[in-house]
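Inspection log for the structure reproduced underneath, given as structure tokens.
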Amino acid sequence: MKIFKPKDPSEADLIKRAVAGKRDAQHLLYQRYAGKMLAVSKRYARTDFEAEDILQDSFIKVFRYLQDFKGDCPLEFWVKRIVINTALKHQRTNRHLMVTDQEEEWDDVSEHDSIDSQFAYEELLELVRGLPPRYQAVFNLYAIEGFSHKEIGEMLDITESTSKSQYSRARASLRQALLRLKQQYHEKVTG
Amino acid sequence: MKKSPADKEKGQSVEDIFRNGFAEAESAPPPRIWENVHREIENQELHRYRKQMIWYRSMAAALLLLLLSAGIIVWQQDSPLLVGQQDTLASGQERSSQKAPAASVPNRPAADVNLPANAAPAIAEAPEMAEASERHVTPEVLVSVPRVFSGKQAQNEDATGAASNSRTYALNENRPALSISFAQQNPKENTATVETLKESKPAVELAITTEAERPVTDKTIQPISGENKAFPRSVTNNLSFSKGLPLGLDSLKGASERSILVQKEAPLTALAQTPPPKKGNEAEESDVYKWSVTMAYSPQYAYAPVKLSDNSAMNSPAVGQAQAYAQYKEAVEEYNHSYTPTYSYAALVGASYRINDKWQLETGVLYTQNEATTTQSYLVYQGGSVLSTVGFDLGSSSGKSAPLVTNAFNNEMAARAITVDRTDRYNTRYRYQQVGLPVRLAYRLNMKRMYALFSGGLNMNLLVQNTIVPETDQVEAVRYGLNDKDSPFRTVQWATTTSIGVGYDVTKKMSILLAPEFTYSLSPMLREAQRQANPYQLGVSIGGRWRLAK
């Protein structure tokens, strides 16, 4: 196994001190990754409030299990994985209370319709959050994090084909939403 | 929407758009998140520290107990020297004031001291002597005689003397006979005898009570009893050498070579060689110790989580708001994850019946106190219409929330609307107090003074009290008594228990036992069928056994 050596030597030192229970080191690590991780958790959460809960639980876990961090990947990846797992757990816990909208029947959007606009982060976040919870998770895991459908199936306790079909639906939904956004933008510009 | 020209990025896929859009995205977290994380880390450290402290304290207590036991063992092994002598002297004094034979001290030693060395074998061979030794001296005592000669001898012989009052001789009757017989052999030594005895007090004591070694002629010695032949007090006072004697062992060293100490060895060695008592005695002895009293204390780890599941109250139709439901679920998860057993213990007072050398049956009264804690950050209310800051119904008539377990397992409450609110983290303590009746069968494997004890059996426990005490004013404390109808817990609970222990016989009647034990619950803790983990307890029983007469 290839052992990852952090470029910034101070990170290794920070980890060591954080494991030793030094509060200042823990705070520095938190400050270093909290912003990025909140953005990650927002993608999986339905609300900002839930995203903050996910972040809080994630960092509690990070500091609880930091001593088990072997250094075989960048710390950021390790923390991100914890955030994702925590978010999925939150989702599982809250599955019963999710008010799942009736699945929309999406129109077939031709792949030839090009989406060539740039969208704001908030707009994209809004679109992802608008997906049904299961689709939201599958889309995030496949399109953004880069997991395979097999891995996603294991993580979400669904079959690989289910993951594929849910991803396909999510993708179609998002594509349609993006085109709608593009059209609105175009209408605004043209007057 | 960004106002970028549409033609800047042509032909992007959906994945690219989102991947690029989310890349390097950051959101500033509110400061309260770090505060909460920080507080939680501190709580965890405190909790870990407390657990360690409890463990260390238990270890220290066990170690202390072991040291204490070891001290008792050492003391018990060493003490016969001193105790024997003290007993002899004291009892000698007591008897001297009560009965005439005690006052005969100076005479008998005088007679014994003046005996020629070659008289010893003759004494040992004397039929009366052999008879006396068989009757009154146990093999253990005799074997130990050469090692701790003076003390043991004094003790043993004292016991022998006490056991056979009929063999006590009157001083005024045997003195002349003895004096005459020895004066013929060595008049000088005879006159010096009293001086010698004054110096060698333990020797005096040996002489006081030794019956078997008195080679006095039967003609001159007649048995008397203390009741019918009281010794004159004036004579007693004059002759009582043992009065006010120091009890130091070193007084033995001063004994003359020709004193009784040297001469006693021969008869006692002869006594040591006497055959062991008959089988009948052994059987009799084993009958005597069939019952024992047992007391034990077991610090233990009690794993008895009462897990909340999806079958809980929040599935009822009374719950309306999805967000409140979400929070309730979080509260349940938080409860389940934070449920941690804390310091628990069991104390047993029991009786043990020895079926045979190997097997014994044990029962008694077992008190168990199991404790656990949870850390929560939600408040759960029943009914009410107070609106919280987050827009949910808050508050009950008492203004306090109920513990989550109470909500989850109380059907009446489940039918009512439940509202949930977030608050600062707080701990809740759960205490289960049980009184039980254990019945165990034990197998004992003897290894000299040590023994191994394997036992297994059944416990019937009554949950006499259950308390749920939150460490916050916002949640009500709850207490369920014995057979409380509102209690979600079963009153009668069954468990199997097994242990393997090592014991040590400190004395013939007392032993200590150290036994790791495992108790596994056969019945669920909750009244209603719930999917719960089986409770179990792991402990180390530290206790003592005292054998009782039949």
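Convention: sequence-line order gives letters A, B, ...; per-chain numbering from 1.
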CG of L38(A) to CD1 of I33(B), rounded to nearest 0.5 Å, is 6.0 Å

What option among A51(A), A39(A), S41(A) has the most heavy-atom pairs under 4.5 Å with chain B? A39(A)

If you round to the nearest 0.5 Å, how far is CD of E15(B) from CZ of R171(A)? 4.0 Å

If you measure from CG on D57(A) to NE2 on H337(B), what distance do you get to the nearest 0.5 Å? 9.5 Å

In Å and rounded to the nearest 0.5 Å, what is the NE2 to CZ distance from H38(B) to F63(A)? 10.0 Å

Give, as side chain, backbone, both or neither, the part of R23(A) having an atom under 4.5 angstrom from any heavy atom of chain B. both

Side chain, backbone, both or neither: which part of E145(A) has a heavy atom under 4.5 Å from chain B? neither

Are more than 12 heavy atoms, taken from residues, nucleotides or ligands other than D68(A), located less than 6.0 Å from that residue's CG atom? yes

Residues, nucleotides or ligands: over 12 heavy atoms within 6.0 Å of R50(B) CZ: no

Between L125(A) and chain B, with a heavy-atom cut-off of 4.5 Å, which part of the residue counts as in contact: side chain, backbone, both or neither? both

Taking all non-hydrogen atoms of both residues into account, name the closest pair between L174(A) and V14(B) and its distance. CB-CG1, 4.1 Å

So how far is it from R32(B) CZ to E52(A) CD, rounded to the nearest 0.5 Å? 4.5 Å

Contact class of Y33(A) relative to chain B, heavy atoms under 4.5 angstrom: neither

Name the region of D48(A), side chain, backbone, both or neither, that has any atom closer than 4.5 Å to a heavy atom of chain B. neither

To the nearest 0.5 angstrom, please state how far the CG atom of N140(A) sits from the CZ atom of F22(B). 6.5 Å

Check: L178(A) and F18(B) side chains under 4.5 Å, non-hydrogen atoms: yes

Verdict with supporting geometry, E40(B) and Q56(A), side-chain contact (heavy atoms from CB on, under 4.5 Å): CA-CA 10 Å; E40(B) 182 59 28; Q56(A) 181 179 310; over 6 Å; no

Shorter than 4.5 Å, heavy atoms on both sides: which option in P29(B), S27(B), A25(B) has the most such pairs with chain A? S27(B)

Classify the angle between the aromatic ring planes of H27(A) and W34(B) as parallel (below 30°), tilted (30 to 60°) or perpendicular (above 60°). parallel

Pair D53(A), E330(B) - check side-chain contact (heavy atoms from CB on, under 4.5 Å), show working. CA-CA 10 Å; D53(A) 273 359; E330(B) 283 174 24; 3.6 Å; yes

CD (E42(B)) with more than 12 external heavy atoms under 6.0 Å: yes

Nearest heavy-atom approach of R19(B) to A143(A) is NE-O, 2.8 Å

Inspect the surroundings of CD in Q52(B) and state if more than 12 heavy atoms from other residues, nucleotides or ligands are less than 6.0 Å away. yes

Count the heavy-atom pairs under 4.5 Å between each of Q26(A), K42(A), M37(A), R43(A) and chain B, then report the option with the highest count. R43(A)

